[in-house]
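Taking it in order: structure first as structure tokens, then the write-up.
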Amino acid sequence: MTEELHELLRIRRDKLQQLRDLGVEPYPYSYKRTHTAEAALTQFTNSETTGEGGTVSSMTEPVSVAGRIMALRVMGKAAFAHVQDSSGRIQIYVKLDAVGEQNFAIFKLLDIGDIIGVNGPVFRTHTGEITVRADRFELLAKSLHPLPIVKEKDGQQFDAFTDKEARYRQRYLDLVVNPQVKKVFETRAKITQIVRTFLGEWNFLDVETPILQPLYGGAAAEPFVTHHNVLERDLYLRIADELYLKRLIIGGFDRVYEIGKDFRNEGMDRTHNPEFTQLELYAAYEDYTFCMELVEKLVGKIAETLFGTTNITYEGKEYDLTPPWPRYRFFDKLQEATSKDVRSMNDAEIETECHKAGLNPEAGKVGRGKLLDKLFGAVVEPHLTGPCYVMDYPKELSPLAKGHRSDSGLVERFEGFLAGREFCNSFSELNDPIDQRARFEDQGKLRSQGDLEAQLLDEDFLTALEIGMPPTAGLGIGIDRLTMYFTDQHSIRDVILFPQMR
RNA sequence: GAGAAUGUAGCUCAGCUGGUAGAGCAGCGGCCUUUUAAGCCGUUGGUCGCGGGUUCGAUUCCCGCCAUUCUCACCA
């Protein structure tokens, strides 16, 4: 410590020393808890009986609770505090004649933010709050930083910790101080749990594929590049799992899924973080209609498990997730929105439509597929509010999707939309190796025209396809976006514990 | 990438038309053995994002930079 410490920090370090001088070890090894805050509260409530002489508790056994001091009210010879653990908060009451003079002096050296264990019987105070009366308490970790204090009365918050930058950068403080934030991440964990259970029941195998890849593929995006020193070559952080999961289908696993991070070297905004979590799954002997059924059932299941209903509220609007969801065709929707037969237009005409929609696609730089996609994004997507599917996309957009069985210009692909935003993507997977090679070659042409997101030719993947892949349905779901819906969060940063910051 | 807004104490914020800063909470000291936004009395704490400029004098006006937030664009 060469620098002078800030006053508030200095005071805490002084207290730390004083505690040590009093023989208190501020960082002991463990603490035996008997109850969480929540368990102590409910057990006490359940033990209360109303009889002669008013309400009586039959809970006489002392409890041990532990957590962080979040509020502290010290009086001359007694003190109240609120202790917070992962289940919630419980009040504790420390009084001089119960703990003794020495211990009370020690208690006075404690601060908001310190972690303590408290042992004693539970009772109700005059004001009615269920409280642990401390026979003993133990410092479990001294906190050396002041905590942003959030006080609350009648649901109104005071001195909230609201600075978004500070909350994201110091998520640990955010979590300590803002209980709603913790809830979001608990819900997120429940969602992935439900997904795994659901997919397990559907006989999907949970697998892991490489994040460090010698060649990236499976999506249209720019990658992050890194370098392996010993191999002396560049590696890429995956932008998708697709090509590896398909190799597993070829290998003979009939149904596989992976929930993992993808990385895309692109812009960030409220729906994009450079690293994000995707669920990808592949099912042999199925086509994209299988995935449509799967998605609506899975999403409905999540809603039911979380809320007991398939109606959810997102950003003030209600959505009914009950399956089945309406299915719209890509070009039907475009025609509806523009009142024109977009499909029979040439590239220049589509570009004109884009300009009308306020878009400026770079002429010649992007192919027909991208033009259509941009136009769709501008004129159709915002209106796709309720849960629905858009299906049968133009071939140019989807180099890994199988051609449509009854319309050669299209592929069997769908995207799922909710609240005007895409959250999943699926197709009947292309398993004709010769067609796949041709598609990669088309991508190569786009790439040489300057489309950095066009996909690379993966020779080994083509070899795998040549070995033979059964007809297969594939699906990707953005777990972050899904979580946004179910936690009613407006920004992806609010569903990622440590979002990317500049 | 563009636009708008913001950056003052640990947290949340005031600071009008320029005179080197305030509040509440937290902290510190005192009183207080059922408080709960505890209370009462006292009190500490700030290179006012950074760098220039104008001015006798800048937190305040001007320019630049940095960062953040929001919106738009980009992004399957």
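Below, chain A is the first sequence line, B the second, and so on; all start at residue 1.
- Remark: A:I112 engages A:I69, A:L72, A:L147, A:I149 in a side chain to side chain contact (heavy atoms under 4.5 Å, CB included) (not counting sequence neighbours).
- Listed by chain and number, the residues in a salt bridge (Lys or Arg N to Asp or Glu O under 4.0 Å) with A:D332 are A:R329 (sequence neighbours excluded).
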Readout for nucleotides 25-34 of chain B: B = base within 4.0 Å of protein heavy atom, S = sugar-phosphate only, - = neither; 5' to 3' it is SSSS---BBB
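- Using a 4.0 Å cutoff on non-hydrogen atoms, the parts of residues 258-269 of chain A near RNA chain B are A:E266, A:D269, ordered by number.
- Taking A:E101 as the reference, A:L96 meet the side chain to side chain contact (heavy atoms under 4.5 Å, CB included) condition, with sequence neighbours excluded.
- Not counting sequence neighbours, the partners of A:R247 by the salt bridge (Lys or Arg N to Asp or Glu O under 4.0 Å) test are A:D458, A:D460.
- Evaluation of the side-chain hydrogen bond (donor to acceptor under 3.5 Å, both in side chains) test over residues 90-99 of chain A, restricted to residues two or more places apart or in two chains, returns A:R73-A:Q91, A:Q91-A:T131.
- With sequence neighbours excluded, the residues satisfying side chain to side chain contact (heavy atoms under 4.5 Å, CB included) with A:I115 are A:R68, A:L140, A:A141.
- Every residue meeting the salt bridge (Lys or Arg N to Asp or Glu O under 4.0 Å) condition with A:R437, not counting sequence neighbours, appears here in chain and number order: A:E459, A:E466.
- Partners of A:K261 by side chain to side chain contact (heavy atoms under 4.5 Å, CB included), not counting sequence neighbours, listed by chain and number: A:F263, A:E275, A:T277.
- Qualifying salt bridge (Lys or Arg N to Asp or Glu O under 4.0 Å) partners for A:R439, counting only residues two or more places apart in sequence or in other chains: A:D435.
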Output field dot_bracket for RNA chain B (Watson-Crick or G-U, both distances under 3.5 Å, | for other-strand pairs) contains (((((((..((((.....[..)))).(((((.......))))).....(((((..]....))))))))))))....
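- Distances shorter than 4.0 Å separate some side-chain N or O of A:R73 from OP1 or OP2 on B:rA38.
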